[in-house]
Amino acid sequence: MDIQKIIVVSPMIEELKAYIEHENLDKEIRYVTEDMLTEKELDWADAFCGFQIKKAADYSKVKWVHSLGAGVDGFLYNQNWNENVLLTRTVCSFGQRIGEYCLSYILRDSQNHQAFASQQEEKVWKEKTPVLLSEKTAVIYGTGEIGTKVAEILSGFGMKVYGISLSGKQKPGFEKVIAVDASFSILKEADYVINTLPLTDKTANLFNKELFNQTSNIGLINVGRGGSVVEEDLIRAVEKEQVRFAVLDVFQEEPLPASHPFWEHPEITVTPHISAVTTAKEAVDCFVTTLDKVEKEQYLANEVDVQKGY
């Protein structure tokens with residue numbers, strides 16, 4: 001594929017520009033913010049590099065779209081995609097970052113951080129023995145690159161880790177992988193449930209009342225997509241002690257509105273979509289490597305199956 005004209009759209013264009021210019025690419029490149037982007041740029045470009053923008057954009061005008069994020073639901077979910085347009089995504093340290101994010105909140109729970117912080121405020125000396133992670137079980141929804149890395153990190157501490165995927169295909173690093181349609185059978189064993197799934201027609205609203213009815217006293221961590229969780233059902237599940245606590249990094253609406261009940265709920269932790277931040281350096285490294293392979297028509301491990309949505 002011949003790529004000569006590239007448009008880069010991002011709020012961090014100055015950082016991206018500095019790293020890209022260091023690569024000395026023999027290409028015409030325009031750097032714009034979302035509010036500067038017009039259809040004229042898309043008419044001009046061979047390739048689009050950036051996050052999915054909020055306003056309407058006709059990506060069918062270019063040959064190749066490269067997402068600066070790991071997720072591509074912003075391009076595909078409830079969208080009509082021209083299959084003649086190549087779609088790739090950024091692959092970098094997301095798995096490690098998300099794995100450490102999940103581990104931090106699991107350790108906060110098992111080591112009783114919040115309980116001891118409360119006792120310190122009240123000047124109460126009361127022993128409570130931390131629980132070893134080797135005594136705990138995690139169920140991870142999503143056995144792709146990110147889910148597998150999370151499983152590797154948690155397994156390294158002796159946790160029993162089950163995987164849930166759309167296919168149920170067995171993968172190394174998991175005690176067992178179960179298809180989504182049969183996942184209820186394993187949820188009763190879970191101490192922690194972690195969502196790393198992309199947002200597709202099959203994963204939208206997956207974490208709903210029916211699923212939570214199968215759980216008891218779990219810790220829920222969502223680092224996948226907010227659209228996979230029915231928020232009202234989650235709040236009810238916490239009230240019914242089906243979910244003991246929830247750590248949420250992604251939401252149906254972002255930024256999360258100030259009026260949303262998640263902000264003030266004592267058993268829900270809100271973080272601003274930071275579990276897998278794309279750094280400018282990592283983004284450019286992946287983009288440049290992908291560009292080279294696109295032009296040489298080599299195999300792309302980060303090519304998106306637009307039918308599957310990931």
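Heads up: numbering here begins at 1 and tracks the sequence. Keep in mind the model is a prediction, meaning the values are calculated, not measured.
With sequence neighbours left out, Phe75 forms a ring pair (Phe, Tyr, Trp, His ring centres under 6.0 Å) with Tyr59. Shown here are the side chain to side chain contact (heavy atoms under 4.5 Å, CB included) partners of Glu254, two or more places apart in sequence or in another chain: Val250, Phe251, His273. Scored by the side chain to side chain contact (heavy atoms under 4.5 Å, CB included) test, Val277 finds Ile274 as partners (sequence neighbours excluded). For Tyr310, the ring pair (Phe, Tyr, Trp, His ring centres under 6.0 Å) criterion is met by no residue, not counting sequence neighbours. Residues forming a salt bridge (charged side-chain N to carboxylate O under 4.0 Å, His left out) with Glu152 (at least two apart in sequence, or on another chain): Lys149. Phe245 pairs by the ring pair (Phe, Tyr, Trp, His ring centres under 6.0 Å) definition with nothing, not counting sequence neighbours. Checked against salt bridge (charged side-chain N to carboxylate O under 4.0 Å, His left out), Glu28 has no partners two or more places apart in sequence or in another chain. Listed by chain and residue number, Glu41 satisfy the side-chain hydrogen bond (donor to acceptor under 3.5 Å, both in side chains) test with Thr38 (two or more places apart in sequence, or in another chain).
When side chains are defined from C-beta on, Ile194 counts as touching Ile106, because their heavy atoms get closer than 4.5 Å. A heavy-atom distance below 4.5 Å is not found between the side chains of Val85 and Val306. Annotation: side chain of Gln119 is in contact with side chain of Phe116 (closest heavy-atom distance under 4.5 Å). Side-chain contact between Ile6 and Leu291: present, with at least one pair of heavy atoms (C-beta onward) separated by less than 4.5 Å.
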Compile the donor-acceptor pairs under 3.5 Å between side chains in residues 45-54 and protein atoms, sequence neighbours left out, one pair per line.
unit_1 : atom_1 : unit_2 : atom_2 : d
Asp46  : OD2    : Gln4   : N      : 2.9
Asp46  : OD2    : Lys5   : N      : 2.9
Gln52  : NE2    : Gly74  : O      : 3.1

Give every donor-acceptor pair under 3.5 Å between a side-chain atom in residues 127-144 and any protein atom, sequence neighbours left out.
unit_1 : atom_1 : unit_2 : atom_2 : d
Tyr141 : OH     : Ser183 : OG     : 3.1

Which side-chain N or O atoms in residues 226-235 pair as donor and acceptor under 3.5 Å with protein atoms at least two apart or in another chain?
unit_1 : atom_1 : unit_2 : atom_2 : d
Ser228 : OG     : Thr203 : O      : 3.3
Glu231 : OE1    : His260 : NE2    : 2.8
Glu231 : OE2    : Gln252 : N      : 3.4
Asp233 : OD1    : Arg236 : NH2    : 2.5
Asp233 : OD2    : Lys209 : N      : 2.8

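Annotation for Trp263 and Pro257: closest pair NE1-O, 2.8 Å, computed over non-hydrogen atoms. Taking each heavy atom of Ile146 and Ala70 in turn, the nearest pair found is CD1-CB, 4.5 Å. Smallest separation of non-hydrogen atoms from Leu199 and Asp73: O-CB, 3.5 Å. His66 and Cys286 get closest at one heavy-atom pair: CE1-SG, 4.1 Å.
Counting only distance, with no hydrogens or angles, the side chain of Ser185 and the backbone of Ala182 share a donor-acceptor pair below 3.5 Å. Of the possible donor and acceptor atoms, one in the side chain of Asp305 sits under 3.5 Å from a partner among the backbone N and O of Lys308. At least one donor-acceptor pair under 3.5 Å links the side chain of Gln170 to the backbone N or O of Val177. Between the side chain of Lys27 and the main chain of Ile3, a donor-acceptor pair closer than 3.5 Å is present. Remark: the backbone N or O of Ile218 is not paired with any side-chain donor or acceptor of Thr215 at under 3.5 angstrom. With Thr196 contributing its side chain and Gly224 its backbone, the two residues share no donor-acceptor pair below 3.5 Å. Under the 3.5 Å distance criterion, the side-chain polar atoms of Thr148 are left unmatched by any main-chain donor or acceptor of Glu145.
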Query raised in the report: When you look at Asp26 and Asn24, which way does the side chain to side chain contact (heavy atoms under 4.5 Å, CB included) test go after all the steps?
Result: CA-CA 6 Å; Asp26 186 20; Asn24 295 316; over 6 Å; no
Query - side chain to side chain contact (heavy atoms under 4.5 Å, CB included) between Thr200 and Tyr77, intermediate numbers included - result: CA-CA 6 Å; Thr200 67; Tyr77 184 60; 5.5 Å; no
Requested in this report: Verify side chain to side chain contact (heavy atoms under 4.5 Å, CB included) between Ser10 and Glu34, making sure each step is shown before the conclusion.
Outcome: CA-CA 7 Å; Ser10 171; Glu34 180 178 337; over 6 Å; no
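Within the structure, every pair that satisfies the salt bridge (Lys or Arg N to Asp or Glu O under 4.0 Å) test and touches residues 262-285, not counting sequence neighbours, is listed here: Arg97-Glu282, Lys281-Asp285.
Counting only N and O atoms by type, the side chains of Asn213 and Gln242 include a donor and acceptor under 3.5 Å apart. Using modelled atom types and a 3.5 Å distance limit, the side chains of Asn82 and Ser60 yield no donor-acceptor pair. With hydrogens and angles left out, the side-chain atoms of Thr269 and Arg108 include a donor and acceptor closer than 3.5 Å.
Residues Leu37 and Met12 do not share a hydrophobic cluster, clusters being chains of Ile/Leu/Val/Met/Phe/Trp/Tyr side chains in contact below 4.5 Å. Hydrophobic cluster membership is shared by Val288 and Leu68, with clusters built from Ile, Leu, Val, Met, Phe, Trp and Tyr side chains linked at under 4.5 angstrom. No path of Ile, Leu, Val, Met, Phe, Trp and Tyr side chains, each step under 4.5 Å between heavy atoms, connects Tyr192 with Leu211, placing them in separate hydrophobic clusters.
In summary, Asp35 and Lys55 do not engage in a salt bridge, as defined by a charged side-chain N under 4.0 Å from a carboxylate O.
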